[in-house]
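Below, chains carry the letters A, B, ... as their sequence lines are ordered, and counting in each starts from 1.
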Protein chains: 2
Amino acid sequence: MSTKPVPDIVVARLPLYLRALTAMQSSGKTFVSSKEMAQWLGISSAQIRKDLSHFGEFGKQGMGYAVSELREKLRRILHLDREWPIVVIGAGHIGSAVAAYPGFASHGFRVCALFDNDPAKIGTSIAGLCVHDVRTLPEFVRAHGVRLAMLAVPAEAAQSVAELAVSAGILAILNYAPLNLMLPDHVRVENIDPALHLQHMTYYLG
Amino acid sequence: MSTKPVPDIVVARLPLYLRALTAMQSSGKTFVSSKEMAQWLGISSAQIRKDLSHFGEFGKQGMGYAVSELREKLRRILHLDREWPIVVIGAGHIGSAVAAYPGFASHGFRVCALFDNDPAKIGTSIAGLCVHDVRTLPEFVRAHGVRLAMLAVPAEAAQSVAELAVSAGILAILNYAPLNLMLPDHVRVENIDPALHLQHMTYYLG
DNA sequence: CAGTGTGAAAGTCTTCACAGCT
DNA sequence: AGCTGTGAAGACTTTCACACTG
């Protein structure tokens with residue numbers, strides 16, 4: 001066995017293709033060429049064809065790709081053909097906004113609980129979700145088989161809370177705290193830090 | 001002239017170095033080696049040295065880099081040695097959370113106004129900021145010389161609102177709407193889409 | 001003939017490894 | 001000794017360009 005793994009950078013673009021296909025589909029298109037998608041996404045058509053070729057031959061020569069078929073294929077590849085429960089850790093501004101964001105549910109992610117360590121917040125309800133004591137996180141994660149977490153706590157608390165989550169079985173963390181989490185290799189971490197993006201952009205604003 | 005530009009991917013890492021240096025500084029360190037920073041950030045020391053070498057020779061052989069000096073140099077390179085006013089467009093969940101996020105002010109970004117098209121929100125105050133009619137955006141941007149915008153409106157509205165902002169003089173947009181903005185080349189756009197990250201991660205959660 | 005799938009070429013980015021400085 | 005700065009090597013990514021197919 002040991003087939004060469006698909007480069008991570010390619011996997012990262014699949015959700016983009018999925019987004020384009022969903023838009024195409026709702027605008028009634030049934031076939032789309034790599035060139036059209038490329039223009040829509042602002043990348044090259046060769047890249048799209050090469051990326052997709054890692055997973056199979058999805059196109060029809062001379063006419064492009066069947067929109068809904070390719071969309072289904074990508075959903076399966078990304079394991080989006082089922083619902084993913086997620087926990088949000090941290091019920092401050094970011095955690096609350098994240099929990100209320102409708103963009104997750106519409107993609108098959110179900111935010112199922114919020115956790116915090118502030119007694120004033122525990123027991124209250126935010127965006128229709130109960131705020132639990134963070135100490136009950138491991139129990140909850142195990143009981144519900146949750147694998148995904150979004151971490152929105154202050155930087156000082158992030159590392160230890162992340163470890164707690166991982167010890168309970170969390171395998172992937174979307175981290176909003178502005179630091180690098182140090183976690184075992186089997187845990188996938190992606191970071192979102194708007195300040196970093198702004199600092200990147202100001203470089204070009206001479 | 002026409003010195004070769006620094007690769008964008010290198011520029012994107014400078015804010016990370018800045019973050020590490022700030023942490024080092026507040027923990028009292030005065031010198032730091034590329035190796036220490038590398039461990040802290042989870043990247044290689046060679047990469048840090050190579051990246052920094054694009055901008056000059058900042059280190060001292062045998063001892064590393066003077067923390068506060070390098071920090072100042074990076075701040076200047078990224079044009080963070082001054083305050084940047086920013087407007088937030090869209091006063092929904094995301095816009096409000098973004099406007100309230102303390103992480104911008106602490107990095108020299110000053111959110112100076114919120115804009116929306118909902119009459120029920122216009123005139124109210126969110127996170128201590130007045131919500132303006134989006135139709136007054138061009139006027140405001142010109143009057144205050146704002147160059148940076150964060151866009152947090154629904155996907156359907158994003159393209160046209162972005163064009164409005166650009167026509168008024170906005171040069172860089174941090175876009176939270178889940179689509180690719182099509183804008184003139186001189187405008188810098190960076191995107192934040194948490195759903196994309198989640199979809200990327202589920203690939204690995206077989 | 002329009003458009004895919006793909007080797008090969010070109011381009012970009014990272015790591016190596018070491019001369020040279022303190 | 002300890003660590004930087006950097007060419008050269010290596011790894012990875014994108015683009016090219018065309019044989020092939022419906």
Proximal nucleotide (of D:dT4, C:dT6, D:dT14) relative to the A:Ile9 side chain: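 Closest nucleotide among those given: D:dT14.
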
Roughly how many Å is it from [atom1] in [X] to [atom2] in [N], rounded to a whole number?
X       : N      : atom1 : atom2 : result
A:Lys35 : C:dA2  : NZ    : P     : 9 Å
B:Gln47 : D:dA11 : CD    : P     : 16 Å
B:Ile48 : C:dC13 : CD1   : P     : 18 Å
B:Arg13 : C:dC13 : CZ    : P     : 9 Å
B:Gln61 : C:dA19 : CD    : P     : 14 Å
A:Leu52 : D:dT14 : CG    : C1'   : 15 Å
A:Arg49 : D:dT21 : CZ    : C1'   : 14 Å
B:Tyr65 : C:dC21 : OH    : C1'   : 13 Å

Backbone N/O of B:Lys121 and side chain of B:Asp116: donor-acceptor pair under 3.5 Å: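 Looks like no, no N/O pair under 3.5 Å.
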
Nearest-nucleotide 5' precedence on DNA chain C, A:Gly62 against B:Met63: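 Result of the comparison: A:Gly62.
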
Which heavy atom of [X] sits nearest to which heavy atom of [Y], and what is that distance?
X        : Y        : answer
A:Asn180 : B:Leu41  : ND2-O, 3.2 Å
B:Cys112 : B:Val146 : SG-CG2, 4.4 Å
A:Val153 : A:Ile89  : CG1-O, 3.4 Å

Sugar-phosphate, base or nothing in reach of A:Gly59, heavy atoms under 4.0 Å: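 A:Gly59: backbone/sugar contact only, no base atoms under 4.0 Å.
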
Sugar-phosphate only, base, or nothing, as touched by B:Ser34 at under 4.0 Å among non-hydrogen atoms: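 Since only primed, P, OP1 and OP2 atoms lie under 4.0 Å of B:Ser34, the category is sugar-phosphate.
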
Quiz item: B:Lys50 side-chain donor-acceptor pair to D:dG7 base, under 3.5 Å: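 Such a pair is found, so the answer is yes.
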
D:dT15 OP1/OP2 closer than 4.0 Å to side-chain N/O of A:Ser44: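 Checking D:dT15 against A:Ser44, a side-chain N or O does come within under 4.0 Å of OP1 or OP2.
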
Upstream residue (5' side of DNA chain D) when A:Asp8 and B:Ala46 are each assigned their closest nucleotide: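 Its nucleotide being nearer the 5' end, the pick is B:Ala46.
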
Distance-only donor-acceptor check, side chains A:His197 and B:Asn191, under 3.5 Å: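 Note: A:His197 and B:Asn191 side chains miss the donor-acceptor criterion.
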
